[in-house]
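Take a look at the structure below.
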Amino acid sequence: MSYTPSEIEAKWQKQWEEEQAFEPSDSHTHPKKYILSMFPFPSGRLHMGHVRNYAIGDALARYYRKQQFNVLHPIGWDAFGMPAENAAIKHGRHPKDWTYSNIDYMRKELNTLGLSFSKTREFATCDPLYTKHEQKFIIEMFEKGLLYRESTTVNWCESCHTVLANEQVEEGCCWRCDNPVELKEMPGYYLDIIRYADELLEDLAQLEGKWPSQVITMQRNWIGKSQGLAFDFELTEESKAKFGGKFDRYEVFTTRPDTIYGVTYSALAPEHPITKYLVEHNLLEDEVAQKIKAIANMSEVERAKQDKEGYPLGISVIHPLTGEQIPVWTANFVLASYGGGAVMAVPAHDERDFEFATTYNLPIKRVIEGGEALPYTGNGTLIDSGRFSCVENDEAKTAIINYMEEEGKGKGTTNYKLRNWGVSRQRYWGAPIPFVHCEDCGLVPEKFENLPVALPDDVEITGEGNPLENHPTWKQCKCPKCGGEALRETDTLDTFVQSSWYQFRYATNPKKWEEVGIDKADADYWLGVDQYIGGIEHAILHLLYARFFTKVLRDLGYHDVDEPFERLLTQGMVLKDGAKMSKSKGNTVDPDALVAKYGADTARLFILFAAPPQKELEWNDSAVDGAFRFIKKLYDRKSKVAGSTLPDIDHSALGKESKLARVKVYEALQKSTEVYEKSFAFNTLIAACMEALNALDKQDDGDVWTEGMYIMLNLLEPIIPHVATELSETLFARENFGGKIEVKEEVFVQESILYVVMIGGKKRTQIEVDPSASEEEILALAKEAGQKWLQGMQIVKEIVVPNKLVNLAVKPS
RNA sequence: GCCUCGGUGGUGGAACUGGUAGACACGUCAGACUCAAAAUCUGAUGGGCUUUGCCCGUGCCGGUUCGAUUCCGGCCCGAGGUACCA
């Protein structure tokens, strides 16, 4: 019978479904593996990136299940978000309806791929039951002071009509729609991720070697910890007078306290309170005030593109160490959002300060020796630095901080680039932020027993404004505290909040889902995720937020896990014609069509064979044919199998070709452990199996065939589960799936060993050597075989690499 | 600019801690089967040459070594991240 994937795949998918074959055991004592591919957004259809993601995860889940581990391999839906609302605007469909029907369709698509997901743990993050527990966490975070509401300057995307977190701004544009982001002052909810910045940074060390190094580096840079000195510049008496007592000093931060004697001016952000005061109280020339306002209206990205620009503010400060008067400027390169929006400027040793000083003819004072030209930002000895002259600048950093602290003039301080996570979105299709605004009580969390604060179904989604805000009655409510009239918060949570804790939700036994968000015993047993698989685009966003949430939930007592994802694999993109597959480019390959034509096994085999999982994968239609051919051939060779169990084979009695076939089979077996547990180079394992099958084909020993198929089907089951299970069932009653198969070392023992003979570093010939031969004997054989290249040569060195080669270094005699 | 990763045949990619570069597959070419085609099978396939064999060859230049795709130094190119963070 020839290979008919449609029949075989339907048969096994049905059987797995009936057997509930992939449900984890409730036991907490059995060794476990938690294999997780990032859950999909229910966009409507699966794409090849999904297929790749789940093929990798499924291979690992199936491998560990076969090694008798208790395996959790769940799937769910990251179901809130803008596209659902966009669909509502475009096609008039309700986001809920759009989302859940997409889920139904995509679930079917996943089923046809034969993925071994737990069915009982599936959920969508828009399920009210999920929202209920999430809202409880949010309230608990509020009570711990981790969540707060504040009005500040935010990133605003006009096209999405919502606020964006810092992490969601890419090169000044919205991560979702690519519109330029504007700055806007408005109230919002923030999670104090900076409180965890140090732990998030330090714990990266335990992920070393288990996460891709570039992801670790990206997170480290994003957190951006820097240590330095914070100190106050006191205004001169004359300057103080201008502010009517409102300001007499301001704080600056520097990572280069060693250059403090080189300060020749100070610069404030246009948004700095002092700058603002001067502008608003008409203490500057009209023209200057206008220019400052113009800068303030520019986004940070726009400013970065401009030349250095600034204006003197007509005030001065006193240098804390020299007592000199220092002029104060406002400048477009000083960021309001970092280090207090004020800097000390040292043009001699800072590129920006230098550029600015050159533009405006401000003095430049060198205080560190080294380099010829200024600015010089390297190390060296301090000069012209009072009591610190002649000190190396590295030492001077701490010495100056210590001195400033002793004198009560400043203190050592840590700053982070990381900003607190703004989690409120002015959108409908999200989890409502469970707070109420009461005139008497202020901001009040909803009572736990009233959760979830559910979304109203009857909304009008037009794309104009926030549908919850516009709803006629939804926001009218009673204050949970005083019972008076109050207004419900209409902002919803960022969707990244849902994906920050879903790994704990899967781990929680579904029987407890109603009652608890996370079950502690379940979480402590299953987490961290042993292998997490997903796209590198989440290197900062999702992976940082999920790490943060894990630590917060730990501190709220929900579990004892420090890091959610023990090991991380970032898969490469699927490309066609050198570009990322996308509808707009018209270069997509539809997974459904592929499965219909070749079957799921071929799709999975091709995807894992075409490239190592970390790399980009270039689509190739004829290589898909090749994958199909291999499966067909494998299926066809079932007729060669002579027995129904692993045979005992007398290796020495076999012919040369059969011996070689066994070597190839056992080499593949040996390789499999490393591939499934460490390198994930499925392409090399598949290649090893192809070599084994090619070698088996060159001989005709029934037992060798039996052994070969027995082993190969075991190795390939995680990759091509349907056909491997079908063949194993008919040939071996699936006995070959019973556990780890032992490597028979005697197969690798050779009667003679091939040595390459190199002369002068070049491969010349080869010799067959008895395994028991001594080094002298090997060398003698090599010299004899290489005689013609040794003519007129003198051997200067002899190297024998055991079981590999002989190298004779020569020179003309 | 800075950080990270990468650069191997016509293509995707192999090569363990330095030890026969190009496994496996795709493509191409030739052949077998066929009236023909498809499917299948067999063989060849890094480049060059004066082809029993020799020379060159893993982005470029240099170094260490008996021996370098692998280690070191300098450069070129590509991808990703980040971007006035004081």
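A donor-acceptor contact closer than 3.5 angstrom is absent between the side chains of A:Tyr635 and A:Ser2. At a cut-off of 3.5 Å, with distance as the only test, a side-chain donor of A:Ser337 or A:Glu300 sits close to an acceptor on the other residue. For the 3.5 Å distance criterion, the side chains of A:Glu167 and A:Trp421 fail to qualify, holding no donor opposite an acceptor. Looking at A:Asn807 and A:Lys762, their side chains never bring a donor and an acceptor atom within 3.5 Å of each other. Defined by atom type and a distance below 3.5 Å, a donor-acceptor pair is present between the side-chain atoms of A:Tyr250 and A:Ser266.
Side-chain atoms of A:Arg419 come within donor-acceptor range of the base of B:C85, with a qualifying N/O pair under 3.5 Å. Applying the 3.5 Å distance criterion, the base of B:A86 shares a donor-acceptor pair with the side chain of A:Arg352.
Among the atoms of the strands shown, only primed sugar atoms or phosphate atoms (P, OP1, OP2) are found under 4.0 Å from some heavy atom of A:Ala809. Counting non-hydrogen atoms under 4.0 angstrom, A:Phe609 reaches a base of the nucleic acid. Across all strands shown, A:Val796 has no heavy atoms under 4.0 Å from either base or sugar-phosphate atoms. Among the protein residues, A:Ser226 comes within range of the sugar-phosphate backbone only, with heavy atoms under 4.0 Å from sugar or phosphate atoms but none that close to a base. Among the atoms of the strands shown, only primed sugar atoms or phosphate atoms (P, OP1, OP2) are found under 4.0 Å from some heavy atom of A:Trp789. Using a 4.0 Å heavy-atom criterion, one finds that A:Gly339 contacts no nucleic acid atom at all. Nucleic acid contact class of A:Glu616 (heavy atoms, under 4.0 Å, all strands): sugar-phosphate only. A:Pro212 comes within 4.0 angstrom of nothing in the nucleic acid, heavy atoms only. Residue A:Asn683 is classed as a sugar-phosphate contact, given heavy-atom separations below 4.0 Å to backbone atoms only. Looking at heavy-atom distances under 4.0 Å, A:Asn694 makes contact with sugar-phosphate atoms alone, never a base. If you check every strand for non-hydrogen atoms under 4.0 Å, A:Ala610 touches sugar and phosphate atoms only.
Straight-line distance from the CD atom of A:Gln571 to the C1' atom of B:C5: 17 Å, rounded to whole Å. For A:Ile194 and B:C85, the CD1 to C1' distance is 12 Å, given to the nearest whole Å. The CD atom of A:Glu691 sits 12 Å away from the P atom of B:G22 (whole-angstrom rounding). Residue A:Lys305 contributes atom NZ, which lies 16 Å from atom C1' of B:G1 at whole-angstrom precision. Taking atom CD on A:Glu251 and atom P on B:A86, their separation rounds to 14 Å, with Å as the unit. Note: CD (A:Gln214) to C1' (B:A79) measures 10 Å, nearest angstrom. Distance A:Glu537 CD to B:G80 C1': 12 Å, rounded to the nearest Å. Whole-Å rounding puts the A:Asn166 CG to B:A83 C1' distance at 13 Å.
Residue A:Met218 has its side chain nearest to B:G81 when only B:C66, B:A86, B:G81 are considered. Closest to the side chain of A:Gln766, out of B:U20, B:A86, B:C55, is B:U20. Side-chain proximity of A:Ser622 to the nucleotides B:A86, B:G27, B:U20 is greatest for B:G27. The A:Val801 side chain lies nearest to B:G19 when the options are B:C84, B:A25, B:G19. Among the nucleotides B:A39, B:G19, B:C84, the one closest to the side chain of A:Asn807 is B:G19. Picking from B:A25, B:C5, B:A86 the nucleotide with the shortest atom distance to the side chain of A:Ser213 gives B:C5. For A:Lys804, counting side-chain heavy atoms from C-beta on, the closest listed nucleotide (B:G13, B:A86, B:C16) is B:C16. Comparing B:A86, B:C66, B:U40 by their closest approach to the side chain of A:Lys632 singles out B:U40.
Distances shown here put a side-chain N or O of A:Lys762 below 4.0 Å from the OP1 or OP2 atom of B:C56. Phosphate contact (OP1/OP2 of B:C85, side-chain N/O of A:Tyr416, threshold under 4.0 Å): absent. Using a 4.0 Å cut-off, no side-chain N or O of A:Lys308 falls inside it from OP1 or OP2 of B:C84. One finds no side-chain N or O of A:Asn221 lying less than 4.0 angstrom from the OP1 or OP2 phosphate oxygen of B:C2. The shortest distance between the side-chain N/O atoms of A:Arg629 and the OP1/OP2 oxygens of B:C26 is below 4.0 Å.
Both cation-pi conditions hold for A:Lys308 and A:Phe333: the charged atom is under 6.0 angstrom from the six-membered ring centre and inside a 45 degree cone around its axis.
For B:G9, the base is syn relative to its sugar; the glycosidic angle is within 90° of 0.
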Kindly determine whether A:Glu674 and A:Tyr676 satisfy side-chain hydrogen bond (donor to acceptor under 3.5 Å, both in side chains), including the steps that lead there. CA-CA 6 Å; A:Glu674 189 224 319; A:Tyr676 283 118; over 6 Å; no
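Place A:Val756 and A:Val169 on RNA chain B by their nearest nucleotides, and A:Val756 ends up nearer the 5' end. Between A:Lys797 and A:Gln306, the residue anchored closer to the 5' end of RNA chain B is A:Lys797, taking for each the nucleotide with the nearest heavy atom.
When atom types are taken as modelled, the side chain of A:Gln168 and the backbone of A:Ala165 share a donor-acceptor pair closer than 3.5 angstrom.
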